[in-house]
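Values below: all heavy atoms of this structure, side chains included; hydrogens, waters and symmetry mates excluded. Letters A, B, ... mirror the listed sequences (proteins, then strands); counts begin at 1.
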Number of protein chains: 2
Amino acid sequence: MSEYNDYLYPQKWLSKASTGDRVAYELRMRIISGLIESGTILSENKLAADFEVSRSPIREALRILASENIIRLEKMGAVVIGLSEKEIEEIYDVRLLIETFVFERLIKMDTTSLALELSKTLEMMKVAIKYNDADEFSYQDVMFHETIIRSIGHSYITMIWNNLKPVMEGLILLSMRMRFKEKYEDFTRIVKNHELYIDAIRAKDRELMIKSLHENFDDVQGKVEDLWRSQQMLSKGVEPQND
Amino acid sequence: MSEYNDYLYPQKWLSKASTGDRVAYELRMRIISGLIESGTILSENKLAADFEVSRSPIREALRILASENIIRLEKMGAVVIGLSEKEIEEIYDVRLLIETFVFERLIKMDTTSLALELSKTLEMMKVAIKYNDADEFSYQDVMFHETIIRSIGHSYITMIWNNLKPVMEGLILLSMRMRFKEKYEDFTRIVKNHELYIDAIRAKDRELMIKSLHENFDDVQGKVEDLWRSQQMLSKGVEPQND
DNA sequence: TGGAGTATACTTGTATACAAGTATTATAGT
DNA sequence: ACTATAATACTTGTATACAAGTATACTCCA
């Protein structure tokens with residue numbers, strides 16, 4: 001990883017990860033942030049040289065990113081797809097789709113222990129806000145939704161989540177880092193929204209759930225765009241990257 | 001691929017596939033069919049020896065199967081999850097979920113060219129029935145649904161489909177092979193159902209679509225079980241496989 | 001100047017080699 | 001008989017080597 005001396009992905013989250021995963025995480029962040037522009041053609045050899053590892057983990061990383069739809073493997077080279085506004089909307093379509101499905105299942109279950117778990121996570125989010133820790137906040141935010149999704153024990157819904165999660169996480173990370181700097185007041189609203197969500201789960205109130213879900217999405221979806229643009233600005237003066 | 005002299009996956013569909021893909025397809029079929037029982041621990045070295053290839057494509061295949069949730073990669077060895085009744089139901093949950101989503105989008109589009117394309121595919125299915133070609137029928141059946149799903153141009157819905165497709169395809173292949181032998185009369189109903197589906201798309205009739213979708217699922221879901229069990233019977237006398 | 005064909009510098013896919021870690025088995029001591 | 005420890009036979013992860021194919025650039029010829 002010679003050319004960049006700072007990483008976009010939190011290094012402490014990678015303690016047990018293999019080199020391949022590490023590369024995937026970092027590459028993903030660079031693509032989502034726009035540091036590596038969409039349309040760029042990535043070559044295994046160049047990446048291996050850049051990251052100073054062999055081609056094996058690079059190949060692994062590229063397969064992962066291809067399965068997440070942010071690159072496309074072609075006969076020669078991997079083409080970066082990236083995340084335009086369209087893709088971001090689509091991601092939230094899917095998230096809405098699966099969380100709605102999950103909620104329908106939740107209604108038929110005992111949700112008390114889940115609600116408790118979510119309250120704990122929300123507490124952690126508050127602490128992260130208090131200490132201005134954007135990464136930790138993002139982590140807990142993602143965990144919040146993951147906890148809900150996993151709670152119904154549906155392996156194929158979980159599979160979809162697993163495919164979506166890395167990109168979601170990256171998006172949220174970038175978004176939150178920006179907001180901690182510039183839109184600190186947003187967080188009171190975010191916390192409130194999550195409280196609503198917990199209430200909806202506890203009360204099994206479909207209306208309330210849909211409401212908080214949509215607000216959450218409208219919120220994030222709107223902001224993600226300008227964050228993304230700002231990241232792209234930021235990236236312009238750093239690296240030509242494509243030859 | 002020393003120990004088995006017949007493949008479960010149609011070889012002519014693999015003309016351009018890499019060794020890694022080939023192994024994934026074949027391994028997937030063996031797992032879905034029950035030939036390799038769930039709980040079995042697969043080792044890269046053993047698989048490489050069995051398939052008479054190196055570990056590189058085997059590793060690739062295992063990653064693919066892991067992302068499809070039919071095996072689980074652990075510290076030592078890959079554990080076969082397989083498809084129990086629960087998993088099969090879950091797969092259809094997801095299929096229902098995404099096809100319903102797709103239909104909602106379709107309603108807002110011009111569906112004439114799609115309906116035409118589907119008619120063509122259905123014609124091909126009829127030909128396949130006429131010539132008793134279970135594999136070709138399965139191929140067209142899968143293509144039928146893929147055509148619908150891709151038609152809305154939603155890359156993340158397509159992504160979910162891509163993850164689901166291989167297992168679906170395998171399931172349908174095994175199911176159809178059996179029915180061509182034992183339940184030939186089923187096919188008039190299947191064809192009728194697909195015609196209904198096309199009508200629903202052409203008329204943008206939500207009710208009709210849900211109806212045909214559900215009938216299709218109830219149909220397949222019921223039958224898949226006994227096929228699967230019969231396959232498992234079949235597998236008992238063939239290979240110990242584990243060690 | 002233009003075009004056909006060839007050399008070259010890339011690309012990915014697969015095989016192999018090696019390192020580091022883990023489970024199992026065997027052995028020694030009590 | 002049983003525990004602790006050591007040897008061994010596995011496992012995966014990563015690096016490297018090689019083969020085969022593809023795009024690019026170059027040269028030669030008209």
Find the distance B/Lys46:NZ to D/dA9:P and express it as a whole number of Å.
-> 15 Å

At under 4.0 Å, does any side-chain N or O of A/Ser54 touch on OP1 or OP2 of D/dT14?
-> no

Between C1' of C/dT14 and CG of B/Asn45, the distance in whole Å | 16 Å

For the pair made of CZ in B/Arg55 and C1' in C/dT14, what is the distance, rounded to whole Å?
-> 13 Å

To the nearest angstrom, the CD-C1' distance between B/Glu60 and D/dT12 comes to 17 Å

Write down the distance between CD1 (B/Ile58) and P (D/dT11), rounded to a whole number of angstrom.
-> 13 Å

At under 4.0 Å, does any side-chain N or O of A/Arg22 touch on OP1 or OP2 of D/dT14?
-> no

In whole angstroms, the gap separating C1' of D/dT16 from CZ of A/Arg59 amounts to 14 Å

Which residue lies toward the 5' end of DNA chain D, B/Ser43 or A/Met76, if each is placed at its nearest nucleotide?
-> B/Ser43

To the nearest Å, give me how far apart CD1 (B/Ile41) and P (D/dT11) are.
-> 11 Å

To the nearest Å, how far apart are A/Glu44 CD and D/dA19 P?
-> 19 Å

With rounding to the nearest 0.5 Å, note down the distance linking CZ in B/Phe101 to CG in A/Leu96.
-> 8.5 Å

To the nearest 0.5 Å, atom CG of A/Asn45 lies from atom CD1 of A/Ile58 at 9.5 Å

Determine the contact category for A/Thr19: base if any of its heavy atoms lies under 4.0 Å from a base atom, sugar-phosphate if only primed atoms, P, OP1 or OP2 are that close, otherwise nothing.
-> sugar-phosphate

Backbone of B/Gly20 reached by a side-chain donor or acceptor of B/Glu60 within 3.5 Å = no

If you round to the nearest 0.5 Å, how far is CD of A/Gln140 from CG of A/Leu122?
-> 10.0 Å

